[in-house]
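Just below is one structure, and these are the notes that go with it.
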Amino acid sequence: MYQFTVADAAKACNANLYNPAAGKLVSWDMFPEWETEFGKMPLTTLCTDSREAEPGCLFTAIPGERVDGHRFIPDVLKKRAAAVLSQRPESASQNPDPRIFYVENTLEALLKIASVYRNKFQVKIAAVTGSVGKTTTKEMIWTALSSQYCVLKTQGNQNNEIGLPRTLLRLAPEHEAAVMEMGMSGLNEIRPLSLAVKPQTAVLTNIGVSHLEHLGSRENILKAKLEILEGLALEGTLIVNQDNDLLGTWLENQKGICHPFQIITYGIESAADLTAKNVCQSPEGCRFLLCWQGKEYPAYLPCIGLHNVSNALAAAGTALTFQIPLEKALKALEGYVPAGMRQHVVQLNGMYLVEDCYNASPDSMEAAISAMAEMSCPQKNGRKILILADMLELGSIEHQAHYEAGQKAAKTADFLLTYGILAKDYVSGAKDAGMEQAFWYPDKKSLASAIIELLQPGDMVWFKGSRGMELEQVIDAVQQAVAIGRE
């Protein structure tokens with residue numbers, strides 16, 4: 001944190017402190033010690049885990065179902081934390097330490113502090129949300145913007161009411177731009193994030209069925225995602241995927257409405273502002289022509305799938321709003337490195353192993369199956385083997401979604417091997433679609449053994465499942481067996 005003091009934080013969240021002389025909580029500006037060195041003490045970092053507490057940090061006590069951060073406040077104070085956010089005013093008299101700030105809600109207070117801190121910087125920020133693809137799009141945007149600026153980005157998927165303030169509080173004078181990912185599980189969650197970030201550019205990747213369990217309908221998901229507009233700067237830019245059915249309908253309904261922001265559309269299948277054509281895929285990546293305002297720009301991505309081409313269009317559009325020439329942005333995207341286990345292709349002893357198990361939803365599952373269909377095996381006699389684990393958090397549509405994914409898999413894969421409680425629906429869908437080589441396994445060990453026995457040189461093996469299914473354990477076992485067995 002840069003030139004931000006204990007007093008700055010207290011003022012930002014309108015904190016109360018315990019005054020032992022008065023025996024009650026008083027507003028921060030009525031506490032006499034603010035005139036001392038205490039109030040001028042600089043904050044160095046934010047932490048929400050007491051094990052990470054250090055001198056000068058701001059510790060936020062977060063109540064949880066299993067662990068309540070308030071339990072660790074005494075430990076954090078012993079580690080010389082500069083200040084602590086607490087929402088337990090009833091405990092104030094038991095621990096009258098002036099470093100404890102009492103607020104109504106610690107997460108809301110943290111976001112207020114981050115918002116005030118963000119205002120210290122004249123930095124342009126792009127914000128990204130969507131049902132799927134937002135992390136990949138965020139990484140591509142960061143890659144494109146980094147061709148011209150020093151750019152701060154959300155680490156991993158720290159895109160919620162805890163992770164986003166942590167990102168904002170990492171802003172420093174050297175940062176010329178930033179890209180922030182925004183996630184949600186319900187309504188009224190993205191709105192406060194957007195208001196705190198105040199982005200100049202907002203990106204909407206798509207509206208799918210992730211979080212349908214909590215929101216009930218895709219229309220409600222659209223409503224929740226559109227909250228990103230709440231903090232969008234006047235005369236800012238919204239970049240939106242016109243290929244998505246709900247977003248396409250929303251765009252159609254916006255015609256004739258005067259917005260304070262510009263809209264740039266992108267898509268591959270629709271007549272959008274930014275489009276791609278002549279897409280050619282290989283295990284190494286995708287080549288295509290990016291079309292913008294009547295001109296064509298050669299582009300290459302070192303990753304596979306039409307959905308990644310779409311993500312690159314969003315990144316290119318964002319670069320335009322940051323006054324970066326398309327040629328420069330596309331050159332930077334040639335060096336994009338896929339994060340985590342997002343469709344990473346491993347070539348091993350005459351086979352392609354595709355690691356694609358960072359997460360899974362019906363939308364990303366369809367994208368994966370489509371990408372597999374578009375790719376060729378390393379040898380003509382190679383077979384396409386699809387390994388699927390459960391898609392989680394789908395609520396009432398979970399059985400239908402797995403069944404339909406199995407039907408789609410039957411049109412692409414030669415073999416379907418599955419694992420998970422819901423994975424039996426993959427197999428049912430595939431067999432009803434005419435696929436004979438579709439199998440379910442009760443655990444990861446038996447699944448890995450079946451894959452290892454089935455594999456032969458020339459095969460393509462695609463692994464897809466929700467992160468919670470830990471399919472990477474199967475991938476590790478298969479890779480180790482293939483490497484040893486082919487030596």
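Sequence positions, counted from 1, serve as the residue numbers for this chain.
Residues K79 and E54 are not paired through a salt bridge, judged by the lack of any N-O separation under 4.0 Å between the basic side chain and the carboxylate. Using a 4.0 Å cut-off between a side-chain N of Lys or Arg and a carboxylate O of Asp or Glu, R51 and D75 do not qualify as a salt bridge.
Residues D243 and S270 have side chains that bring a donor and an acceptor to within less than 3.5 angstrom of each other. No side-chain N or O of E176 forms a donor-acceptor pair with one of Q122 less than 3.5 Å apart. Side chains of S194 and E227: no donor on one and acceptor on the other come within 3.5 Å. In the model, Q155 has no side-chain atom that pairs as donor or acceptor with a side-chain atom of Q158 under 3.5 Å. With 3.5 Å as the limit, one finds no donor-acceptor pair spanning the side chains of E366 and S370. W28 and N16 form no side-chain donor-acceptor contact under 3.5 Å, judged by distance and modelled atom types alone. Side chains of T205 and N241: no donor on one and acceptor on the other come within 3.5 Å.
Judged by distance alone, with hydrogens and angles left aside, the side-chain atoms of T5 form a donor-acceptor pair with the main-chain N or O of D8 at under 3.5 Å. Of the possible polar contacts, none joining the T60 side chain to the L85 backbone as a donor-acceptor pair under 3.5 Å is found. Side-chain atoms of Y149 come within 3.5 Å of backbone atoms of F322 as a donor-acceptor pair (strictly under, hydrogens ignored). Under the 3.5 Å distance criterion, the side-chain polar atoms of R118 are left unmatched by any main-chain donor or acceptor of L171. Looking at E230, its side chain never comes within 3.5 Å of a backbone N or O of R191 through a donor-acceptor pair. Looking only at distances, no side-chain donor or acceptor of T201 sits under 3.5 Å from a matching main-chain atom of A126. Remark: side-chain polar atoms of Y117 are paired, donor with acceptor, to backbone N or O of Y2 under 3.5 angstrom. Checked by atom type and distance alone, the side chain of K408 never pairs as donor or acceptor with a backbone atom of I369 at under 3.5 Å. Remark: side-chain polar atoms of R99 are not paired, donor with acceptor, to backbone N or O of V84 under 3.5 angstrom. Without hydrogens or angle criteria, Q254 side chain to W250 main chain gives a donor-acceptor distance under 3.5 Å.
Side-chain contact between Q323 and K124 is present, with heavy atoms from C-beta onward closer than 4.5 Å. Considering only heavy atoms from C-beta on, L110 comes within 4.5 Å of L169 through its side chain. Counting only heavy atoms from C-beta outward, the side chains of S147 and I324 approach each other to under 4.5 Å. Considering only heavy atoms from C-beta on, D425 stays 4.5 Å or farther from E398 through its side chain. Between N253 and T249, the closest side-chain pair of non-hydrogen atoms falls below 4.5 Å. The side-chain heavy atoms of Y336 and M140, taken from C-beta on, include a pair separated by under 4.5 Å. L320 places a side-chain heavy atom less than 4.5 Å from the side chain of W292. L17 has its side chain out of reach of L25: every pair of non-hydrogen atoms, C-beta onward, lies at least 4.5 Å apart.
A pairwise comparison of heavy atoms in A423 and D390 identifies N-OD1, 2.9 Å as the closest pair. A pairwise comparison of heavy atoms in K134 and G130 identifies NZ-O, 3.1 Å as the closest pair. Residues K112 and A12 approach most closely at CB-O, 3.8 Å, considering heavy atoms. Of all the heavy atoms in Y18 and G23, the pair that sits closest is OH-CA, 3.5 Å. Across all their heavy atoms, C47 and R166 have their closest contact at CA-NH1, 4.1 Å. The minimum heavy-atom distance linking M391 with L422 is given by the pair O-CD1, 3.8 Å.
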- Message: Between K424 and T418, does the side chain to side chain donor-acceptor pair (under 3.5 Å) criterion hold? Intermediate values first, please.
- Response: CA-CA 7 Å; K424 291 181 180 180; T418 71; over 6 Å; no

- In sequence, state the C-alpha distance, the side-chain angles, and the governing distance for K153 and E139, and then conclude on salt bridge (charged side-chain N to carboxylate O under 4.0 Å, His left out). CA-CA 8 Å; K153 67 175 178 177; E139 292 292 332; 2.8 Å; yes

- Trace of the side chain to side chain donor-acceptor pair (under 3.5 Å) decision for Q479 with E355: CA-CA 11 Å; Q479 287 188 354; E355 304 170 357; 2.8 Å; yes

- Do T237 and Q200 pass the side chain to side chain donor-acceptor pair (under 3.5 Å) test, and can you show the C-alpha distance, the side-chain angles, and the key distance before you say yes or no? CA-CA 6 Å; T237 304; Q200 283 74 35; over 6 Å; no

- Message: Checking T265 against D273 for the side chain to side chain donor-acceptor pair (under 3.5 Å) test, could you report, in this order, the C-alpha distance in whole Å, the side-chain angles of both residues, the deciding distance, and whether it holds?
- Response: CA-CA 5 Å; T265 62; D273 298 321; 3.2 Å; yes

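Distance check: N206 CG to I221 CD1 gives 10.0 Å after rounding to the nearest 0.5 Å. Between C13 atom SG and N105 atom CG the span is 11.0 Å, to the nearest 0.5 Å. Rounded to the nearest 0.5 angstrom, I141 CD1 and E181 CD are separated by 10.0 Å. Taking NZ from K464 and CE from M372, the interatomic distance works out to 13.0 Å, rounded to the nearest 0.5 Å. Note that the CD1 atom of I113 and the CG atom of L46 stand 8.5 Å from one another [nearest 0.5 Å]. Atom CE of M182 and atom CG of L204 lie 11.0 Å apart (nearest 0.5 Å).
Atom NZ of K120 has more than 12 heavy atoms from other residues, nucleotides or ligands within 6.0 Å. Atom CG of L195 is surrounded by more than 12 heavy atoms from other residues, nucleotides or ligands within 6.0 Å. Heavy-atom neighbours of K331 NZ from other residues, nucleotides or ligands within 6.0 Å: at or below the threshold of 12. Under a cut-off of 6.0 angstrom, the local environment of CD in E334 is crowded, with over 12 non-hydrogen atoms contributed by other residues, nucleotides or ligands. Counting non-hydrogen atoms of neighbouring residues, nucleotides and ligands closer than 6.0 angstrom, the CD atom of E235 reaches no more than 12 such neighbours. At most 12 heavy atoms of other shown residues, nucleotides or ligands fall within 6.0 angstrom of atom CH2 in W142.
Taking the six-membered ring for Trp and thresholds of 30 and 60 degrees, Y426 and H402 have ring planes inclined between 30 and 60 degrees apart.
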Please list, one pair per line, the donor and acceptor atoms closer than 3.5 Å that link side chains of residues 307-316 to other protein atoms, with sequence neighbours excluded.
from: H307; atom 1: NE2; to: Q343; atom 2: OE1; distance (Å): 3.0
from: H307; atom 1: NE2; to: Q343; atom 2: NE2; distance (Å): 3.1
from: N308; atom 1: OD1; to: N311; atom 2: ND2; distance (Å): 3.3
from: N308; atom 1: ND2; to: I304; atom 2: O; distance (Å): 2.7
from: N311; atom 1: OD1; to: T137; atom 2: OG1; distance (Å): 3.1
from: N311; atom 1: ND2; to: H307; atom 2: O; distance (Å): 3.3

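Remark: N160 engages no residue in a side chain to side chain donor-acceptor pair (under 3.5 Å) (not counting sequence neighbours).
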